[in-house]
Undergrad: 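Below is a structure I'd like to ask you about.
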Amino acid sequence: MTKSLLFLSLFLLIRACSSENVGEEEQLEGMFLFGDSLFDNGNNGYKKMTAKASYLPYGIDFPTGTTGRFNNGKTIADWLGEFLKLPGYMPAFVSPKTEGEAVLRGVNYASAGSGVLDGTGEMEGMTSTSLDEQIKNFQTVTLPVFNQKFGDDLPSKLTKYLFVIGTGGFDYLINYLYNHEGITLEDFTEGILSTYAERIKELYNLGGRKFVLFSTQPLGCVPVVRSSPLGQGSCVDVFDQAAKMFAHRLQSLVDHIKSQLPGANLVFVNVYNIMGKIIDDPARQGFEETTTPCCDVPSNGRGGFGMLCVRNGAACEDRSRYVFWDGMHPTQAVAHIIAKRAYQSESRDEVYPMNVKTLVTL
């Protein structure tokens with residue numbers, strides 16, 4: 001091959017690769033995020049309630065400090081946005097700055113303590129924003145801004161946004177724990193998934209076409225559960241089985257509901273499996289501590305761990321070695337792994353039926 005032909009071939013290859021990358025980035029403009037404390041980036045911080053993280057040491061590793069995120073730094077949603085090369089983090093819905101055209105890059109509606117079921121966020125005196133209310137906030141406050149801006153082009157515009165849902169854990173940890181008498185775990189899970197399906201359909205009817213659904217983490221192995229009288233240092237089987245069942249049924253829902261939503265595509269992210277691998281073999285992922293929170297948490301009164309960090313309390317020095325930040329939530333190091341797997345994993349026991357990177361190109 002002559003030098004001129006070689007140069008031309010290299011030029012065309014570089015140009016093709018560059019065009020492909022630009023197309024992928026331009027195709028996605030933002031995310032709408034719905035869920036609980038694994039995704040809440042400050043919405044609960046504006047409320048008078050106990051389930052919030054608007055104090056140190058929360059946010060100790062976040063670029064701008066404490067924001068209301070329930071770990072030491074970035075959430076799964078933050079990391080996912082970075083992998084997708086989105087401009088900045090999705091603003092919290094409740095923030096007074098999230099108005100007008102500021103919503104055009106996406107909005108985060110997630111609320112710590114909430115669940116799929118409406119009553120979950122009202123347990124234990126909480127006033128979390130339920131998934132249903134979060135969707136209504138999108139419909140009544142955010143969507144009109146888009147409609148005014150894009151008019152008849154709104155349907156095609158919304159195809160350039162991901163609709164991300166990460167919830168369900170508190171339905172089991174709070175709602176099922178206190179209200180499970182007379183109902184089996186299977187029936188309770190079916191009830192959750194039935195409601196979940198209706199919420200997806202609502203978002204679809206509002207214009208959502210690209211969905212990313214995250215399962216819960218291994219609920220039986222979080223420090224607050226493991227250190228409780230039920231666990232006594234070990235993972236609690238009933239909650240572990242609940243999380244596993246929820247993940248399995250949510251994956252099945254992706255196949256079941258797709259036929260009912262013409263033009264929609266859904267990705268399921270199995271957080272239960274991704275975190276389970278880390279907990280089972282932490283050294284392989286660079287972690288050491290899987291049972292103890294990184295930050296100081298109050299005692300549960302029986303020698304075990306509470307859920308949230310002590311206000312202005314201490315935190316471990318090497319936070320990258322800890323799986324859990326407080327009694328409930330993973331560190332930003334674990335959140336990074338979950339987001340990375342969601343974005344690019346080729347393993348069907350982690351993402352199904354495709355990864356987010358592929359979803360964006362559809």
Undergrad: For W79 and I338, indicate whether the former's side chain and the latter's backbone hold a donor-acceptor pair under 3.5 Å.
TA: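 Checking the backbone N and O of I338 against the side chain of W79, no donor-acceptor pair under 3.5 Å is found.
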Undergrad: Just one of T189, N270, L213 clears the side-chain contact (heavy atoms from CB on, under 4.5 Å) bar with L250, so which one?
TA: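 That would be L213.
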Undergrad: Is it the case that T142 and Y109 place a side-chain donor and acceptor less than 3.5 Å from each other?
TA: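 Yes.
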Undergrad: For atom NZ of K210, is the number of surrounding heavy atoms from other residues, nucleotides or ligands below 6.0 Å larger than 12?
TA: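 Yes, NZ of K210 has more than 12 neighbouring heavy atoms, counting only those of other groups under 6.0 Å.
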Undergrad: Do M245 and Y272 belong together in a cluster built from hydrophobic side chains that touch within less than 4.5 Å?
TA: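 No, M245 and Y272 fall in different hydrophobic clusters.
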Undergrad: Is any side-chain N of the basic residue among E133 and K136 closer than 4.0 Å to the acidic one's carboxylate O?
TA: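 Looking at K136 together with E133, the answer is no, because their closest N to O distance does not fall below 4.0 Å.
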Undergrad: Using the benzene-type ring in the case of Trp, are the ring centres of F138 and F32 under 6.0 Å apart?
TA: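 Here the rings of F32 and F138 have centres that are less than 6.0 Å from each other.
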Undergrad: Measure across C309 and Y55 and return the closest heavy-atom pair with its distance rounded to 0.1 Å.
TA: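 It is O-OH, 2.8 Å.
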Undergrad: Calculate, to the nearest 0.5 Å, the distance between atoms NE2 and OG belonging to H248 and S252 respectively.
TA: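 H248 NE2 to S252 OG: 4.5 Å, rounded to 0.5 Å.
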Undergrad: Are a donor atom and an acceptor atom from the side chains of S234 and Q232 found within less than 3.5 Å of each other?
TA: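 Not at all, the side chains of S234 and Q232 share no donor-acceptor pair under 3.5 Å.
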Undergrad: Looking only at the side chains, is there a donor atom on one of K201 and Q260 sitting less than 3.5 Å from an acceptor on the other?
TA: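 Yes, because at least one side-chain N or O of K201 sits under 3.5 Å from a partner of the opposite role on Q260.
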Undergrad: Do the charged groups of R69 and D40 touch, with an N to O distance under 4.0 Å?
TA: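 Looking at D40 together with R69, the answer is no, because their closest N to O distance does not fall below 4.0 Å.
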Undergrad: Between G35 and Q134, what is the shortest heavy-atom contact and its length?
TA: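 Taking every non-hydrogen atom into account, N-OE1, 2.8 Å.
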Undergrad: Hey, does the side chain of N108 reach the backbone of M90 with a donor-acceptor pair shorter than 3.5 angstrom?
TA: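 Looks like no, no N/O pair under 3.5 Å.
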Undergrad: Check C294 against C316 for me: are their SG atoms closer than 2.5 Å?
TA: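 A disulfide is present here, as the SG pair of C316 and C294 is separated by less than 2.5 Å.
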Undergrad: Starting from the C-alpha separation in whole Å, work towards a yes-or-no answer on salt bridge (Lys or Arg N to Asp or Glu O under 4.0 Å) for E29 and R105.
TA: CA-CA 6 Å; E29 297 190 13; R105 60 190 178 95; over 6 Å; no
Undergrad: One thing to verify: whether D349 and K277 come together as a salt bridge, which I'm taking to mean a side-chain N less than 4.0 angstrom from a carboxylate O.
TA: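 Salt bridge present between K277 and D349.
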Undergrad: For K340, is the NZ atom crowded, meaning more than 12 foreign heavy atoms sit under 6.0 Å from it?
TA: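 At most 12 heavy atoms, drawn from other residues, nucleotides or ligands, come within 6.0 Å of this atom.
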Undergrad: Tell me, please, which residues at least two apart from Y89 pass ring-ring contact (aromatic ring centres under 6.0 Å, His included).
TA: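 If we apply the ring-ring contact (aromatic ring centres under 6.0 Å, His included) test to Y89, skipping adjacent residues, the hits are F62.
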Undergrad: Is the cationic atom of R321 (NZ for Lys, CZ for Arg) positioned less than 6.0 Å from the six-membered ring centroid of F287 and within 45 degrees of its normal?
TA: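 Because its charged atom misses either the 6.0 Å distance or the 45° angle limit, R321 does not stack over F287.
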Undergrad: Does any pair with a residue in residues 197-221 pass ring pair (Phe, Tyr, Trp, His ring centres under 6.0 Å), and if so which ones, sequence neighbours excluded?
TA: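 Residue pairs passing ring pair (Phe, Tyr, Trp, His ring centres under 6.0 Å), neighbours aside: F39-F214, F163-F211.
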Undergrad: Please indicate whether E317 has more than 12 foreign heavy atoms, meaning atoms of other residues, nucleotides or ligands, lying under 6.0 Å from its CD.
TA: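 Incorrect, the count does not exceed 12.
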Undergrad: Does the side chain of T184 come under 3.5 Å of the side chain of D187 through a donor N or O and an acceptor N or O?
TA: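 T184 vs D187: donor-acceptor pair found between side chains.
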Undergrad: Name the orientation class of the two ring planes belonging to Y58 and W325 (parallel below 30°, tilted from 30 to 60°, perpendicular beyond 60°).
TA: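 Taking W325 first and then Y58, their aromatic rings stand perpendicular (interplane angle over 60°).
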Undergrad: Among residues at least two apart in sequence or on other chains, which ones pass salt bridge (charged side-chain N to carboxylate O under 4.0 Å, His left out) with E101?
TA: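 K149.
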